[in-house]
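First listed ligand is number 1; within each ligand, the first listed atom is number 1.
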Amino acid sequence: MDSFLIRGGTRLKGKIEISGSKNSALPIIAATLMAKGKTTLKSVPRLSDIDSMNKLIGELGCHVYRHDSPASDGDMPSLNGPLDIEVTDEKNCEARYDIVKTMRASICVLGPLLAKRGKAIVSIPGGCAIGDRPVDLHVRGLQKLGAEFRTENGNIVGEVRGRLKGCRMYLGGAQGPTVLGTINVLCAAALAEGETVLVGAACEPEVVDCAEMLIKMGAKIKGHGTPEIRIEGVSELIGTEHRIIPDRIECGTFMIAAAITNGELELRHCNLDHLIAVQDRLEDVGVRIQRENGTIHASSARRLNTVEMTTQPYPGFPTDLQAQLMALLCLGDGISVVTERIFPDRFLHVGELNRMGARIRKEGPTAIIQGTKELQGASVMASDLRASAALVLAGLVAKGTTRIDRVYHIDRGYEKIEQKLAAVGADIERVKEK
Ligand code: EPU
């Protein structure tokens, strides 16, 4: 397992290219299972989670081909070549445990398989570092469209007699809307008979991106990006070309990297509209954020103010940036309060940040952060993707050397993070496992 060695204390300065969104690309790749003919996806990041999803749809009968990286793709420089996907065999309907256990987003094939092939066997995703992550809302939504479910040997087995049938349904749960649950039901409803109305739908940009691609494939969808999505089912979807939206979480992480190192970064090809709550909180902390077309300039004053922040569904502050903001608030001038409402147990970074000299106390779903003048380098352990990103941020500013073990968690969701950071002045190296 690889590690990162970070010698903290350098000011980051320069330009970083933001990759396509992991959380948009994963369900979109799964949705291509429903299309006839070839779909070409652009700006798909090169990440281990994307490799797992490609492997999964490969097992489900898709031919997947990644083109070489172009030097430049029109006015949108791209790190990666496009990804072509074409379904060539519809016999297999099973997402095996071996893949599902490495990537929970495998659940995204459930709706597309039921809608297109009438059957789906998906291993039940187990527990996860950020807490219990049930899939009951996915199943309930698909049941309302007429799918029948049973559990068998650790698998969810779903079947459809004839065609799924549209209906009006409420999709929310105890913690609010579900992002991938909304996408699963949206995909299935695109091929269902008649009209489906999803009330309490997630409004995240990743849901909108998936809906936009389905529309290009021939789906009839209105209201995506609002809590009520209307879908008029069609009988087939045709392969298309689609560019994945920029990764708002990667962008937010680098905005915080600029702030925590008292640096100045130009983040290219991103969309500040998707980060409005993040901008709001960071500006209160004292981060200067300016937009110029598709570029964000982020820099910070030396003094970091304290804030209160609660994670919420979009357009609120995203849970996927909670850990990174907390790393920044460790250096705030006083006490900050962070409450996690989406995944109340998502605090694995707290213990590791405290090992680096942070002063964070957890009380239920809330963390109370007493700012300190300095963090110190230490050996820490990456536990989940975003917690690990928070440790990288802390390492960038800590005095001395920080060693982060198990960085495979970071490789799941941040494309070439050490190269991107090194290019703007960070002293970071990957130590390969011998
Ligand atoms: N929930 C249920 N039942 C369900 C589904 C969700 O109770 O059937 C609960 C969850 O336990 C949670 C809340 O609803 O409390 C919201 O979860 P959601 O379903 O929205 O999460 P998700 O769709 O499984 C995606 C992202 C996560 C991100 C969340 C919230 C992908 C691949 N994953 O997960 O991203 O944290 O939305 O925005 O899109 C990450 O990238 O690090 C990551 C974890």
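- Residues with a heavy atom under 4.0 Å from ligand 1: K22, N23, A105, I130, D132, R133, P134, V135, D136, L137, H138, Q175, P177, T178, V179, L180, T319, D320, I342, F343, R346, L385, R386.
- A salt bridge links D320 with R346: the distance from a Lys NZ or Arg NE/NH1/NH2 to an Asp or Glu carboxylate oxygen falls below 4.0 Å.
- Using a 4.0 Å cut-off between charged side-chain N and carboxylate O, R150 and E159 make a salt bridge.
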Side-chain atoms of residues 307-314: list all donor-acceptor pairs with protein atoms under 3.5 Å, sequence neighbours left out, distances to 0.1 Å.
| from | atom 1 | to | atom 2 | distance (Å) |
| --- | --- | --- | --- | --- |
| T311 | OG1 | E340 | OE2 | 3.0 |
| T311 | OG1 | R341 | N | 2.8 |
| Y314 | OH | D273 | O | 3.4 |

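- Ion pairing of K15 with E17 is absent here, as no side-chain N (NZ or NE/NH1/NH2) approaches a carboxylate O to less than 4.0 Å.
- With respect to R430 and D411, a salt bridge is recorded, a charged nitrogen being found less than 4.0 Å from a carboxylate O.
- Between K22 and E415 there is no salt bridge, since no side-chain N of the basic residue sits under 4.0 Å from a carboxylate O of the acidic one.
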